[in-house]
Amino acid sequence: MAGEAPAKKEKKKVPIVEGLFTWPSDKPALIASRCKKCGAVMFPKAAYCPNPDCEKNPENIEIIELSRRGKLWSWTIQYYAPPPPFKMEPFKPYAIGMVDLPEGIRVLGILTTTENLKCDMEVELTVGKLYEDDENEYITWMWKPVEEEKK
Amino acid sequence: MERDVAIIGVGMVRWGRYPDPKRPDEYPERTMPELAVEAITNALKDAKISWRQIEAMVSGVYLWVNQQAGIHGTLSGTAIANLMGYTGIPIVSVANACATGQSILREAVLAVASGECDIALAVAADKSAFGFFRPQSTDGKSDIDYMRFVMCGETNPAYWAMECRRRMYEAGTTEEDLALVKVVTSKPAPFNPYARYRKTFTMEEVFKSPMVCEPLRLLEICATSDGAAAVIVAEYEKAKKICKKPVYINAVAVGTPTFGDPTVRLTYLSSNIRPGVPTLSESRNAVQKVYKMAGMTPDNIDVIELPDNSSWHYFAYLDCILNLDPGESEKLLRKGETDPITGRIPVCPSGGLGAFGEAVVAQGLAQVCELVWQLRGEAGERQVKKDVKVALAQTYGYAGNNAACIVSKGW
């Protein structure tokens, strides 16, 4: 067709798996469960406390949003594409890390960069796209290094 | 245990890929039950007994049932018996991930130790030779493994690499140490007829191999393989009548995690951290248990088979087995003390997972087969130089599964 292409409509951002983080949100946070008795936290959320000494009573469980900032315990860069059902289009080597949060939980997640990563550096939760179709962008949570000046 | 138990026969198939179109003579088309039959047949031959003398059987359960084998991968025991010929004996199928091998050895030992029967078989066959492992459902509502994989794409080597980097940060492990693991563990590989990769590697070759998950290179992680192994156990007095060299089972135990262990295990997205709880607690728990059962300490152990899925594992699991602080295992390796043949504490004289590639549920039994051959002095050119009286094997698996055993000369 001649003429200008129609203005690009912004695609909807859709979590690949719903319910793992608050969305839509300007400040997305991971959704976890916490035991009101002992404080043990589970991500993804569960109906029971994982502490062997706690009563298995769903009434003792509250749903919480985890801290958005934590310390990068460790990370790696994956140079080869994981097999399906993982999907990243186009694939490029990316970093995965484990992050310690103040709630006493260590959480996995993709990092927004492969550059200048260090053990124990501060990171913050954000979201990022892994692939898209005509309608939507499909997103997951990601950890983003907190720049020095922002601290 | 109520009654003493010993190993009277072991059998394996060569690890690899069945079929391998490039080497059809060595690796023909074989199903999992068919590989199991070959391993059982070798073990029966080794024990010089017949299939009808087996009074109970425990079978390893295949994990990748959505990709192949299906329901017969789960109900593997009766699928194998269907080929061996039904004899009406009790058969149980057990899934404990990579720790399945010694977990089913434990079940077979308990069947004999309790007096339920006198001769029992543990068998596991696996076809895992297809690269990175992956979730087995598309259930985004309840399968945490699926959620983990689609949201993060964490492959097994990615997990190992994260552990490895932290160890380098805390204990000072170097890239040279990581490469040296492959060089040292691959020394006996050319002499093991059951190994898939019968080759010794140089530092240069390891460093030239591509980075898979930084800091781990291709030659510092294990492949995935097909394989099968079988171990026959008998009541000790009966074992002494059946064979000249019964291998006494001092201890066999399964370990699971301690609450508060910070390890984010494969298949999971997070872990709860409680002060003072160590990492890899399922492994420490299994190892401490076998020492306690056997009334032994690390000083009693003459040879070790450990799960060297990656160079990081070698150090981390040597720590667990020898009760070392992080960094000490590296020193032992550098000094040659863990050389698989000439070492003071030989580690992985089989060539380890590096030479085999991991056939998940069969791997633990393959370790036991090697220890039996080493104790009997039948390991040929890879026979460890020192006198071997007591041996320890340990495997760890997905999602908090671990198993270990201590075996010794029973003659």
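- Heavy-atom distances place no part of Phe91(A) under 4.5 Å from chain B, backbone and side chain included.
- Ranked by heavy-atom pairs under 4.5 Å with chain A, the list Ala161(B), Pro210(B), Gly153(B) is led by Gly153(B).
- Around atom NZ of Lys11(A), more than 12 heavy atoms belonging to other residues, nucleotides or ligands sit under 6.0 Å away.
- How far OG of Ser270(B) is from CG of Leu30(A): 9.5 Å, rounded to the nearest 0.5 Å.
- At most 12 heavy atoms of other shown residues, nucleotides or ligands fall within 6.0 angstrom of atom NZ in Lys292(B).
- Once rounded to the nearest 0.5 Å, the distance linking SG of Cys119(A) with CD of Glu170(B) reads 8.0 Å.
- Of all residues spanning residues 108-117 of chain A, those with a heavy atom less than 4.5 Å away from chain B's heavy atoms are Leu108(A), Gly109(A), Ile110(A), arranged by number.
- Of all the heavy atoms in Phe86(A) and Cys152(B), the pair that sits closest is CE1-C, 3.8 Å.
- Side chains of Cys213(B) and Tyr79(A) form no contact here, defined as non-hydrogen atoms less than 4.5 Å apart.
- Counting heavy-atom pairs under 4.5 Å between each of Pro84(A), Gly104(A), Ala95(A) and chain B puts Gly104(A) at the top.
- For Tyr94(A), the part sitting under 4.5 Å from any heavy atom of chain B is the side chain, from C-beta outward, and nothing else.
- By a heavy-atom distance cut of under 4.5 Å, Leu130(A) are the residues of residues 125-137 of chain A near chain B, going up by number.
- For chain B, no part of Ala32(A) is nearby; none of its heavy atoms comes within less than 4.5 Å.
- Counting heavy atoms from C-beta outward, Arg134(B) and Pro82(A) have side chains that stay 4.5 Å or more apart.
- For a heavy-atom cut-off of 4.5 Å, chain B lies close to Pro50(A), Asn51(A), Pro52(A) in residues 47-67 of chain A.
- In this structure a side-chain-to-backbone donor-acceptor pair under 3.5 Å is present from Thr76(A) to Glu214(B).
- In the displayed structure, Arg148(B) atom CZ is contacted under 6.0 Å by more than 12 heavy atoms of other residues, nucleotides or ligands.
- Between Glu154(B) and Met98(A) there is a side-chain heavy-atom pair separated by less than 4.5 Å.
- In this structure, no portion of Thr138(B) lies under 4.5 Å from any heavy atom of chain A.
- Partners of Tyr317(B) according to the ring pair (Phe, Tyr, Trp, His ring centres under 6.0 Å) rule, which considers only residues two or more places apart in sequence or in another chain, are His313(B), Tyr396(B).
- Val17(A) places a side-chain heavy atom less than 4.5 Å from the side chain of Val150(B).
- In this structure, the side chains of Glu163(B) and Trp73(A) come closer than 4.5 Å at one or more pairs of heavy atoms.
- Of the possible donor and acceptor atoms, none in the side chain of Asn272(B) sits under 3.5 Å from a partner among the backbone N and O of Met42(A).
- Arg106(A) CZ to Ser271(B) OG: the interatomic distance, rounded to the nearest 0.5 Å, is 5.5 Å.
- Around NZ of Lys208(B), the count of heavy atoms belonging to other residues, nucleotides or ligands within 6.0 Å does not exceed 12.
- Atoms CZ and SG, on Arg274(B) and Cys38(A) in that order, are 4.5 Å from each other to the nearest 0.5 Å.
- In terms of non-hydrogen atom pairs under 4.5 Å with chain A, the most contact-rich of Phe149(B), Tyr159(B), Phe133(B) is Phe149(B).
- Looking only at heavy-atom pairs under 4.5 Å with chain B, the residue among Val107(A), Leu101(A), Ile96(A), Ile139(A) that has the most is Ile96(A).
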Ile273(B) and Ile105(A): CA distance, side-chain angles, deciding distance, side-chain contact (heavy atoms from CB on, under 4.5 Å) verdict: CA-CA 6 Å; Ile273(B) 305 172; Ile105(A) 188 169; over 6 Å; no
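- Ranking Thr263(B), Thr155(B), Leu269(B) against chain A, the residue ahead of the rest is Leu269(B), based on heavy-atom pairs under 4.5 Å.
- Only the backbone of Tyr268(B) has a heavy atom closer than 4.5 Å to any heavy atom of chain A.
- Rounding to the nearest 0.5 Å places CD of Glu18(A) at 12.0 Å from CE of Met147(B).
- The backbone N or O of Met151(B) sits less than 3.5 Å from a side-chain atom of Thr140(A), completing a donor-acceptor pair.
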